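Being a predicted model, the structure only gives us computed values, none of them experimental. Numbers here are sequence positions counted from 1.
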Amino acid sequence: MAPPKILLCGDVLGRLNLLFKRVQSVNKSAGPFDALLCVGQFFPDSQENLPEFPDFVEGRSQIPLPTYFIGDYGVAAVKVLVAASKDSANQGFKPDGFKICNNLFWLKGSGNFNLHGLSVAYLSGRRSSDGLQFGKYSRDDVDALRALAEEPGIVDVFLTNEWPSGVTNRAATSDIPTRISDSLGSDSTVSELVAEIKPRYHIAGSKGVFYAREPYCNIDAVHVTRFLGLAPVGNKDKQKFLHAISPTPASTMSASEISMKSPNTTLSPYTSVDQAAHSKEVTKRSGDNDSDSQYWRYDVSKKRQKYGGGDGDKLCFKFVISGSCPRGEQCNFRHDTEAREQCLRGVCLDFIIKGKCEKGPECSYKHSLQSEGESYSHRRPRSENASANRSKECWFCLSSPSVESHLIVSIGENYYCALPKGPLVQDHVLIVPVEHSPNTISLPQEYEVELAKFQNSLKMYYKSHGKDAVFFEWVSKRGTHANLQSVPIPSSRADAVQDIFNSAAEKLGFKFLAMKSNNNSDGRKSLRKEFDGNINFFYVELPGGIILSHVVEDNETFPAQFGREVLAGLLNIAEKADWRNCALSKEEEMKIVENFKNRFEEFDPVK
């Protein structure tokens, strides 16, 4: 199959007629293209181009191919985006975009989706301290992308509005436009994210110029990254605002193909940090404007100096959260062990670093430094309003508008069953607590009765199809809403599953604790005794009553999708280890759900 053909565009600034006239021309001469990705400001910067919007949004003018944008700011942005947000078709988790009209999609916040086989990640909006409803990214958006960087697989395309700081290479390129400034329209948060995500292509706008950087090597990765900065549509200097690429999806490439480098490949521009730029940022930042500080690294210049690994006046967020940093001594930020200890004792991260927390009473963490002996589990009680707000945003809470209710197949009193987004195999099921809980092990003992009924029903259902059940759960201290995954495997492979889990553990440098039980109840009782609520924990229940468990240390590298990856290897479907490669349309999901319900009906314990 031929690689997808993608058009990339800089700041549209509401000039839709000019953009789509050009797209139609290019599509006719060099297409057909599969999609158009727009970075930089999408909406007008004045009333002048505003009349063009209603023609497209209301269907009087046609958009020639699927178009995705992340620049959700400018004149009329609020009106258009609020209407899209209220559309019932846009409810729930929409990583592939909110539909504005036919062929026009708004990529909101941050996310990652599959586009004709390509893994596309994005950060919508820009960094801003203004109280805007749209047009700025949040700390949660950044954290979601940081989590993406920890997942398996390679991101093919990363979209941001602003350029990363330090990306230009004046030493190797003499024809860089003189107007490019590393401080204007650049974002150090984007620099940190792109260094972590390591996309094959990074596309940005907002600087008003076109710039194609030489490919550069990534730290701890074999593939290179190509950066493209695109000019605005219809710019007076006639700089390039439309660019075409046709990359082969990384998921289909061999190791030798993905590691190929051109002769002009340079070192990564993110191996060091421009200290002058950071000093300028600190000077510019006022004492009362902490919300304007970057989300990725935090300024501690106003606080007393603490011991740690770095020499700068900013804390390494990665170290504070996990206790380790992949850059080690190469990191330019402070590895503050005291801040790490306070984080482990349940102190709010914003309070540790900024001295205050903007969430106030809504925050579930402590707002005072804790002495030795206080544990992470001793959090400050969360208010009822905070719990309600958290549930409203959760993808798994039944009361949340974000829940993918069409995937639910059975609802009990304390648990419900749903099919996952991007199932590994047919009949892959999630058993989810109705209550908003970060894991199934710490729920009340009486909940175990219903959980056992669901597990036994799935086992009988799988047996009727010549298969056995494997159940696994990843329990993270930072987890939100638990799900116990149930994956059927051919009974002929049941004897091999323990060996392959042990082999995978050995490759990561640990050994499982194995327990043998005669029934689900006894096995889970043992798990509950082992789990104290203050650890990261993985366990898998295998055919034959064997349970493998492992306590994951804070500084230990452990893939969140470990269970899925191991089973993908067992079943010889390694390409499905990443759920995003298995994503389906809503229509396909609804059909699969209906078929499963019909097959499972006689086994359903709720019926």
Item checked: Salt bridge flag under 4.0 Å for residues R146 and E192 ->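 No, R146 and E192 are not salt-bridged.
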
Check: With the threshold set at 4.0 Å, does a side-chain nitrogen-carboxylate oxygen contact exist between E448 and K525?
Finding: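 The answer is no: the pair does not qualify as a salt bridge.
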
Less than 4.5 Å apart, any side-chain heavy atom of [X] and any of [Y]?
X: L430; Y: L419; result: no
X: S119; Y: I154; result: no
X: Y137; Y: S124; result: no
X: P247; Y: L118; result: yes
X: R493; Y: L570; result: yes
X: F472; Y: V487; result: yes
X: P559; Y: E565; result: yes
X: Q498; Y: L548; result: yes

Notebook entry, point to check: Yes or no on ring-ring contact (aromatic ring centres under 6.0 Å, His included) for F600 and Y462, after CA distance, side-chain angles and deciding distance?
Noted result: CA-CA 9 Å; F600 185 63; Y462 293 157; 8.5 Å; no

Margin query: ring-ring contact (aromatic ring centres under 6.0 Å, His included), that's the test. Do Y216 and Y270 meet it? Break it down for me.
Written below: CA-CA 10 Å; Y216 62 82; Y270 310 118; 5.7 Å; yes

Next item on the list: Would you please test E404 and K586 for salt bridge (charged side-chain N to carboxylate O under 4.0 Å, His left out) and show each step?
Entry: CA-CA 10 Å; E404 299 271 13; K586 185 173 182 178; 5.8 Å; no

For the atom pair [atom1] ([X]) and [atom2] ([Y]), what is the distance rounded to the nearest 0.5 Å?
X: S549; Y: F512; atom1: OG; atom2: CZ; result: 8.0 Å
X: R139; Y: T189; atom1: CZ; atom2: OG1; result: 11.5 Å
X: M253; Y: S259; atom1: CE; atom2: OG; result: 8.5 Å
X: L424; Y: R564; atom1: CG; atom2: CZ; result: 5.0 Å
X: S437; Y: L443; atom1: OG; atom2: CG; result: 4.0 Å
X: T160; Y: I197; atom1: OG1; atom2: CD1; result: 9.5 Å

Quick one: does [X]'s side chain have a donor or acceptor within less than 3.5 Å of a partner on [Y]'s backbone?
X: D156; Y: R200; answer: no
X: E450; Y: Y415; answer: yes
X: K198; Y: A195; answer: yes
X: N502; Y: D499; answer: no
X: S191; Y: S165; answer: yes
X: H428; Y: G422; answer: no

Note to self: Other residues, nucleotides and ligands only: do more than 12 of their heavy atoms fall within 6.0 Å of CE on M260?
What the structure shows: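 Check fails, neighbour count at 12 or below.
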
Checklist line | Atom CD of E506: over 12 foreign heavy atoms under 6.0 Å | finding: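 Not more than 12 within 6.0 Å, no.
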
Can we call the ring centroids of [X] and [Y] under 6.0 Å apart?
X: Y201; Y: F227; answer: no
X: W474; Y: F558; answer: yes
X: F562; Y: F538; answer: yes

Looking only at heavy atoms, what is the nearest atom pair of [X] and [Y], with distance?
X: Y122; Y: K108; value: CE1-O, 3.5 Å
X: E473; Y: N483; value: CG-O, 3.9 Å
X: K261; Y: V222; value: NZ-O, 2.9 Å
X: S251; Y: G117; value: OG-O, 4.0 Å
X: R524; Y: L484; value: NH1-CD2, 4.4 Å
X: L407; Y: V593; value: CA-CG2, 3.8 Å

Is a donor from one side chain sitting under 3.5 angstrom from an acceptor on the other, for [X] and [Y]?
X: Q455; Y: S486; value: no
X: N218; Y: T225; value: yes
X: R528; Y: S442; value: no
X: S491; Y: D468; value: yes

Notebook entry, point to check: Does the side chain to side chain contact (heavy atoms under 4.5 Å, CB included) test come out yes or no for L513 and H550, once each step is laid out?
Noted result: CA-CA 6 Å; L513 174 65; H550 175 59; over 6 Å; no

Next item on the list: Would you please test C582 and K421 for side chain to side chain contact (heavy atoms under 4.5 Å, CB included) and show each step?
Entry: CA-CA 8 Å; C582 311; K421 306 266 313 167; over 6 Å; no

Notebook entry, point to check: Going through the distances and angles, do V470 and L567 end up as a side chain to side chain contact (heavy atoms under 4.5 Å, CB included)?
Noted result: CA-CA 9 Å; V470 175; L567 292 179; 4.1 Å; yes

Check: What do the steps show when you test N536 against V551 for side chain to side chain contact (heavy atoms under 4.5 Å, CB included), and what is the final call?
Finding: CA-CA 6 Å; N536 299 311; V551 175; over 6 Å; no

